[in-house]
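By convention here, the first residue in the shown sequence is residue 1.
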Amino acid sequence: MRFENMMRRMAVVALSLVALASCREDEHIVPSTPSDIDDPSKSPVYGFYLLNEGNMGSNKATLDYFDATKGRYHKNIYAERNPGVVKELGDVGNDIKIYGSKLYAVINCSHFVEVMDARTAKHIDIISIPNCRYITFKDRYAYVSSYAGPVQIDPNARLGYVAKIDTATLQVVGQCDVGYQPEEMAIVGDKLYVANSGGYRVPNYDHTVSVIDLNTFEVTKTIDVAINLHRLKADKYGQLWVSSRGDYYEVPSRTFVIDTKTDEVTDEFKLLPCSNMTICGDSLYMYSTEWNYNTQKNTISYAMVNVKSKKILTRHFITDGTDKEIIIPYGIAVHPFTREIYVTDAKDYVTPGTLYCFNPDGTKKWQVETGDIPAHMAFMRQPVEGFDE
């Protein structure tokens with residue numbers, strides 16, 4: 001859940017809670033709904049899960065699955081496969097990853113990580129972590145960033161932390177305090193990097209990346225970057241690409257590069273705003289949905305950067321004009337083999353969104369309806385069971 005959307009979403013929370021209370025008595029499981037894409041493909045990737053955030057306070061996070069081998073998109077599969085889970089997936093799905101045989105979904109406002117069998121999407125367990133945000137892995141451990149406190153603006157909010165989880169026992173085995181309201185993380189060698197936002201302490205945002213030694217699980221350095229950090233991706237050249245959201249008034253969003261050999265900022269892209277990004281090979285794909293309170297408008301842009309040369313390759317990786325149809329770009333992923341580009345549209349945040357698939361040349365291949373606020377994707381390298389032929 002992006003901080004700039006949080007306050008706007010709060011406006012619908014009260015109405016959502018009333019609606020939930022009125023319909024809870026006759027609540028029933030909504031079956032999954034498949035859509036034929038007619039685009040079966042063969043690659044080591046069998047498909048991907050898509051986690052829909054759902055509007056904050058509405059308990060509407062949902063899970064979709066695209067079966068690339070059959071060219072079929074399955075919408076809302078979690079409830080059907082887990083009829084015994086009373087509140088289904090929970091409130092605001094903020095991240096999703098596959099590690100080993102398990103699928104991990106970070107459910108921000110429900111304060112837990114949902115752990116599922118990756119082959120079936122069936123519930124295994126939950127890991128309670130307050131205001132959890134993002135997840136990453138190394139060896140036998142998972143690492144989850146946590147705001148630590150309640151979901152609210154608070155100038156006195158405490159420091160956030162990273163929880164260390166044993167993936168065999170699914171128990172929290174360690175905790176390391178970092179900066180305020182930590183967001184995305186990346187691991188390079190034995191170092192875990194954490195982007196700190198300080199979003200709850202507005203206007204006194206954090207401006208640092210914490211560096212954790214995974215051998216000791218202690219912070220060894222704090223890198224000063226820019227205010228309100230969010231995204232953090234590692235490329236294969238030992239560089240970190242970090243986004244700053246700015247202050248939504250006068251300070252714009254920017255993108256920075258950190259050299260992990262020196263743990264110093266080496267580059268600043270003042271004209272490269274970023275809301276989300278993904279790296280495939282030497283190419284970094286990014287978009288920006290930059291909200292400004294002065295204009296009460298979003299400024300939307302796209303870009304692709306060569307991470308080796310650090311040159312902007314294009315400002316228009318969607319080449320056929322489909323970007324004009326996308327109201328609120330919200331999620332992005334690139335197929336690791338075919339280089340197809342996936343971009344989601346959250347539209348108005350309260351109705352079903354759209355997933356777009358683009359060819360590597362930027363022309364639209366297909367689109368499909370998703371759940372509310374489609375955001376996070378995880379590619380699957382095994383077949384998922386339980387779908388009819």
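- More than 12 heavy-atom neighbours from other residues, nucleotides or ligands sit within 6.0 angstrom of NZ on Lys102.
- Phe217 carries Lys164 over the face of its six-membered ring, with the cationic atom under 6.0 Å from the centre and within 45° of the normal.
- Two residues are said to be in side-chain contact when any heavy atoms from C-beta on lie closer than 4.5 Å; Tyr143 and Ile135 fail this criterion.
- Judged by distance alone, with hydrogens and angles left aside, the side-chain atoms of Asp247 form a donor-acceptor pair with the main-chain N or O of Glu250 at under 3.5 Å.
- Using a 3.5 Å distance cut-off with no hydrogens or angles, the side chains of Asp348 and Thr351 do pair a donor with an acceptor.
- Remark: the backbone N or O of Lys261 is paired with a side-chain donor or acceptor of Asp259 at under 3.5 angstrom.
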Q | Stepwise salt bridge (charged side-chain N to carboxylate O under 4.0 Å, His left out) test for Lys221 and Glu264 | A | CA-CA 10 Å; Lys221 186 171 183 177; Glu264 300 288 343; 3.1 Å; yes
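- Donor-acceptor pairing under 3.5 Å is lacking for the side chains of Glu184 and His230.
- Side-chain polar atoms of Thr354 and Lys347 form a donor-acceptor pair below 3.5 angstrom.
- Counting only N and O atoms by type, the side chains of Thr370 and Asp64 include no donor and acceptor under 3.5 Å apart.
- Around the CG atom of Leu271, the shell of radius 6.0 Å holds no more than 12 heavy atoms that belong to other residues, nucleotides or ligands.
- At least one cation-pi condition fails for Arg72 and Phe66: the charged atom is not both under 6.0 angstrom from the six-membered ring centre and inside a 45 degree cone around its axis.
- For the atom pair CG (Leu272) and CH2 (Trp241), the distance works out to 8.0 Å, reported to the nearest 0.5 Å.
- Of the N and O atoms on the side chains of His74 and Asp67, not one donor lies less than 3.5 Å from an acceptor on the other residue.
- Side-chain contact, Gln367 with Asp345: no donor N or O sits under 3.5 Å from an acceptor N or O.
- Side chains of Asn131 and Tyr200: a donor-acceptor N/O pair is present below 3.5 angstrom, by distance only.
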